[in-house]
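Inspection log for the structure reproduced underneath, given as structure tokens.
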Amino acid sequence: MLDTTELTDAVERFSDRLRAAPQSRLQRGAAAEGLALARELSVRAQRLEAPGERPRIMPDAGVFAVADQLLVAGRDLAEVLRTAPQEAADTPDAAGAAGAVGASGRSTAADAVGGAGAVDRSTMDAAVALVRAAAARAEL
């Protein structure tokens, strides 16, 4: 069982900062950054839970709902990672499962999933890196 405390802590911290941010900051891009991250985390969770199915995209519920959307998506991904079958760290799929984060700090959900729903520590580390990068871009 994978310990996902680091992911839930990062998601909760960013969500709390979004919730506390003034409307002007949310409208200047922090909410858009939070929504993009929530969508990405949601897609990653869905692809791990149902690898062959097309993921549903989280709707835009407005700048004041994005903190809650992020929290739900992040906790969903953490739970999927926590309960997913563990992949051996030295398998070829494990290296690609991390979803390398480029200079922009963004990655695609396709990069995050290494096969049929198996995960390793690098999968969770990549998600944590995405959360931290999104928080930095949002300046929160």
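Please read these numbers as outputs of a predicted model, since none were measured by experiment.
Thr5 pairs by the side-chain contact (heavy atoms from CB on, under 4.5 Å) definition with Asp3, Asp9, not counting sequence neighbours. In this view, Ser42 and Gln46 satisfy the side chain to side chain donor-acceptor pair (under 3.5 Å) rule, not counting sequence neighbours. Listed by chain and residue number, Phe14 satisfy the side-chain contact (heavy atoms from CB on, under 4.5 Å) test with Ala135 (two or more places apart in sequence, or in another chain). Every residue meeting the salt bridge (Lys or Arg N to Asp or Glu O under 4.0 Å) condition with Arg75, not counting sequence neighbours, appears here in chain and number order: Glu12.
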Where do Glu6 and Arg132 land on the salt bridge (Lys or Arg N to Asp or Glu O under 4.0 Å) test, with the steps shown first?
-> CA-CA 11 Å; Glu6 187 177 6; Arg132 290 180 177 153; 3.2 Å; yes

Verdict with supporting geometry, Val131 and Leu70, side chain to side chain contact (heavy atoms under 4.5 Å, CB included) | CA-CA 10 Å; Val131 174; Leu70 174 59; 5.7 Å; no

Applying side chain to side chain contact (heavy atoms under 4.5 Å, CB included), run through Leu48 and Val119 and close with a yes or a no.
-> CA-CA 8 Å; Leu48 285 168; Val119 300; 3.5 Å; yes

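Here the straight-line distance linking atom CG of Leu81 with atom CZ of Arg44 works out to 9.5 Å at 0.5 Å rounding. To the nearest 0.5 Å, atoms CG (Leu2) and CZ (Arg82) are separated by 10.0 Å. Taking CG of Leu35 as the reference point, atom CG of Leu26 lies at 12.0 Å (rounded to 0.5 Å). Atom CG in Leu140 sits 5.5 Å away from atom CG in Leu18 (nearest 0.5 Å).
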Residues 54-68, side-chain donor-acceptor partners within the protein, below 3.5 Å, at least two apart:
unit_1 : atom_1 : unit_2 : atom_2 : d
Asp60  : OD1    : Gly62  : N      : 2.9
Asp68  : OD1    : Arg19  : NH2    : 2.7

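With hydrogens and angles left out, the side-chain atoms of Asp120 and Thr123 include a donor and acceptor closer than 3.5 Å.
Leu41 has its side chain out of reach of Asp76: every pair of non-hydrogen atoms, C-beta onward, lies at least 4.5 Å apart.
The backbone N or O of Glu79 sits less than 3.5 Å from a side-chain atom of Thr83, completing a donor-acceptor pair.
Nearest heavy-atom pair across Leu77 and Ala127 is CD2-CB, 3.8 Å. For Ala78 against Thr4, the heavy-atom pair with the smallest separation is O-CG2, 3.4 Å. The minimum heavy-atom distance linking Ala38 with Ala73 is given by the pair O-CB, 3.3 Å.
The salt bridge (charged side-chain N to carboxylate O under 4.0 Å, His left out) analysis of residues 20-30, with sequence neighbours excluded, yields no pairs.
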